[in-house]
Amino acid sequence: MTDVSVRFAPSPTGRLHVGNARAALLNWLFARKHGGSFLLRLDDTDAARSTSEFAQGIEADLRWLGLGWDRFARQSERFDFYTAATGKLKQSGRLYPCYETPEELELRRKIQLSRKRPPVYDRAALKLTDADRAKLEAEGRRPHWRFRLDHGVTAWDDLIHGRVEIDMASLSDPVLVRSDGYPLYTLSSVVDDGDLGITHVIRGEDHVTNTAAQIQLFAALDYAVPVFGHFSWLLDAEGAGLSKRIGSLSLADLREQGYEPMALNSLLARLGSADPVEPQLDVQALVAGFDLGRFSRAPARLDPHELDLLNARILHASDFNTVRDRLPAGATEAFWLAIRGNIGRLVEAADWWPVVSGEIATVIEDPAVVAAAAETLPAEPWDGATWKAWTQAISARTGAKGKALFHPLRLALTGRDKGPEMAPLLPLIGRDRVAKRLSGV
RNA sequence: GACCCCAUCGUCUAGAGGCCUAGGACGUCACCCUUUCACGGUGAAGACACGGGUUCGAAUCCCGUUGGGGUCGCCA
């Protein structure tokens, strides 16, 4: 039994979005669950679209999520491996040169489609003679190279889908090398997975047909064929295709909006599975209950509202130490404990900080209650019991109770009609501020 | 258009012929707590897409319909 080795292989042509995060997380959890290693591989063979800024951004996104990697590779440094692989395939006759232009291929596909035929490559290039090829090359055409698939059925036991069988005759022979010599995903991915000893490929459902072709490629290159698992796609709240709203939201956006990474992780690790979504404060805590086999084959909807709720619950349970760096300067643990149960995003803490430490606009709703409050204001020191004693005194003097008592007080002291429990908040505000606010200044 | 996947409460799902008067989680609603709101606690309502079969018996098996998703690139 070889050690489990998985990878997350984004291409640095943009920042990570929610869909990517799920792929990364699922692989990471699988690795941790099985004591294996997690490889971050940058699929940056497309030099025109890949940038180092995006590459750094992706690494930052993963670190934000708390998903560290054990191994790192970038495809742009591995061209020699791809060249060696194409040499091997040419030798065994599995790779053949084709001379159609992209426009010609596009036209053929349209014709096939209009005839209600599947748009599969007809292997015309296989019938080319040496003389034909020489003539085409003389015209200045450079070949692209296709992998000759073995027709028949290719099958595998998928971690999520179970037994999958693909009729290879319904697939086009995949292009492995572009006419400019660059290797394409199908090739580089297989070479790297094989060479780097990836044992389990866990990726989105959009890759299932790729997988059939890649299995043949693994075999043709004498690599061990990894185990595959294809998770279903995420849909937005309306059930429409994913990559529209939150699915295409970048992690950088979510971070900027003040979401907790563990809210996202908690949701993504369980959504679409048979297990309940529960707020967890640490990625490690997600490992124990993780089981790919409990994921459904049906696409799941991701409701942004659910993320909000989870975010709030995470915050309500978060210790001061985990958030102190992102709290307003000077914020104390007592302050955090007083307000954490009342916020949905951490940024809201900044709204409460002036309430206990600075100036706010007060609202005098009931002058009689406020006046009584000012008159009965106890001397410091204050503690958690001060509020109750004080409000009892105010109630005794004015006859106000319940909402009629608390609403005006809350408004006068905090400027708002809802918020954290007043008992712990009062000592934090302090007598001077309270007196000032009660005077309506 | 062809092929593949999917179809249970609002949402994520359990269910692999009788254990299902269909279970859980989130949300919703109600109540409790707090002499306010929120937080928290307890409880309730809430679903087998439709039509045919097979069977003593179907949410579970088969066929069809409808609906959703995916793939069919010199993208990844």
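So that the names make sense, note that chain A is the first sequence line, chain B the second, and so on, each numbered from 1.
- One interatomic measurement links the two molecules: CD of Glu306(A) to P of U13(B), which rounds to 11 Å at whole-angstrom precision.
- No hydrogens or angles were tested; on distance alone, nothing pairs the side chain of Asp46(A) with the base of A76(B) as donor and acceptor under 3.5 Å.
- Pairing for A2(B) goes to U71(B), judged as Watson-Crick or G-U wobble with the two contacts each under 3.5 Å.
- Separating the CG atom of Leu405(A) from the C1' atom of U34(B) is a distance of 13 Å, rounded to the nearest angstrom.
- Phosphate proximity of C74(B) to Arg146(A): present, with a side-chain N or O under 4.0 Å from OP1 or OP2.
- Per the geometry, CG belonging to Leu176(A) stands 11 Å off P belonging to A76(B), to the nearest Å.
- Taking both residues in full, the closest heavy atoms of Ser5(A) and Gly197(A) are given as CB-O, 3.4 Å, listed atom of the first, atom of the second, then distance.
- Taking a 4.0 Å limit (strictly below) on heavy-atom distances, residues 51-62 of chain A does not reach RNA chain B anywhere.
- Atom NZ of Lys401(A) has 12 or fewer heavy atoms from other residues, nucleotides or ligands within 6.0 Å.
- Put simply, the residue from His144(A), Arg142(A), Glu137(A) that forms a side-chain hydrogen bond (donor to acceptor under 3.5 Å, both in side chains) with Tyr99(A) is Glu137(A).
- Ranking U36(B), A38(B), G1(B) by closeness to the Lys116(A) side chain, first place goes to G1(B).
- Base engagement by Asn342(A) is indicated by at least one non-hydrogen atom pair under 4.0 Å involving a base atom.
- With U36(B), U35(B), A76(B) as the candidates, the nucleotide lying closest to the side chain of Ser395(A) is U35(B).
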Taking only N/O atoms, report every protein-nucleotides 45-48 of chain B pair under 3.5 Å with atom names and distance.
none

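- Put simply, NE2 on His207(A) is 6 Å from C1' on A76(B), counting in whole angstrom units.
- Residue Ser318(A) holds its OG atom at 10.0 Å from CE of Met262(A), rounded to the nearest 0.5 Å.
- Residues from residues 180-198 of chain A placing a heavy atom under 4.0 Å of any atom in RNA chain B, listed by number, are Leu184(A), Tyr185(A).
- The distance between atom CG of Asp308(A) and atom C1' of U11(B), rounded to the nearest whole Å, is 15 Å.
- When distances run from any side-chain atom of Thr391(A) to the nucleotides U35(B), A38(B), C26(B), the shortest one goes to U35(B).
- For Arg178(A) and C75(B), the shortest distance from a side-chain N or O to OP1 or OP2 is below 4.0 Å.
- As a whole-Å value, the separation of Arg301(A) CZ from C9(B) P is 10 Å.
- Side-chain rings of Trp28(A) and Phe8(A) stay apart, their centers remaining 6.0 Å or farther from each other.
- For Met168(A) and U71(B), the CE to C1' distance is 13 Å, given to the nearest whole Å.
- No contact: Asp275(A) has no heavy atom under 4.0 Å from any strand.
- Residue contacts for Val175(A): at a heavy-atom cut-off of 4.0 Å it reaches the sugar-phosphate backbone alone, with no base atom in range.
- At a cut-off of 3.5 angstrom, the base of C4(B) holds no donor-acceptor pair with the side chain of Thr209(A).
- Protein atom CG of Asp206(A) is 14 Å distant from nucleotide atom C1' of G73(B), rounded to whole Å.
- Side chain of Lys418(A), nearest nucleotide from C74(B), C37(B), G73(B): C37(B).
- The base of U36(B) is paired with the side chain of Arg410(A) by a donor and an acceptor separated by under 3.5 Å.
- Counting non-hydrogen atoms of other residues, nucleotides and ligands closer than 6.0 Å to NZ of Lys88(A) gives a total above 12.
- Between A38(B), C5(B), U11(B), one nucleotide has an atom nearer to the side chain of Glu205(A) than all others, and that is C5(B).
- For the pair Arg109(A) and G73(B), the criterion of a side-chain N or O lying under 4.0 Å from OP1 or OP2 is met.
- In this structure, CZ on Arg74(A) lies 10.0 Å from OG on Ser50(A), to the nearest 0.5 angstrom.
- The side chain of Ser296(A) contributes no N or O atom lying less than 4.0 Å from OP1 or OP2 of C12(B).
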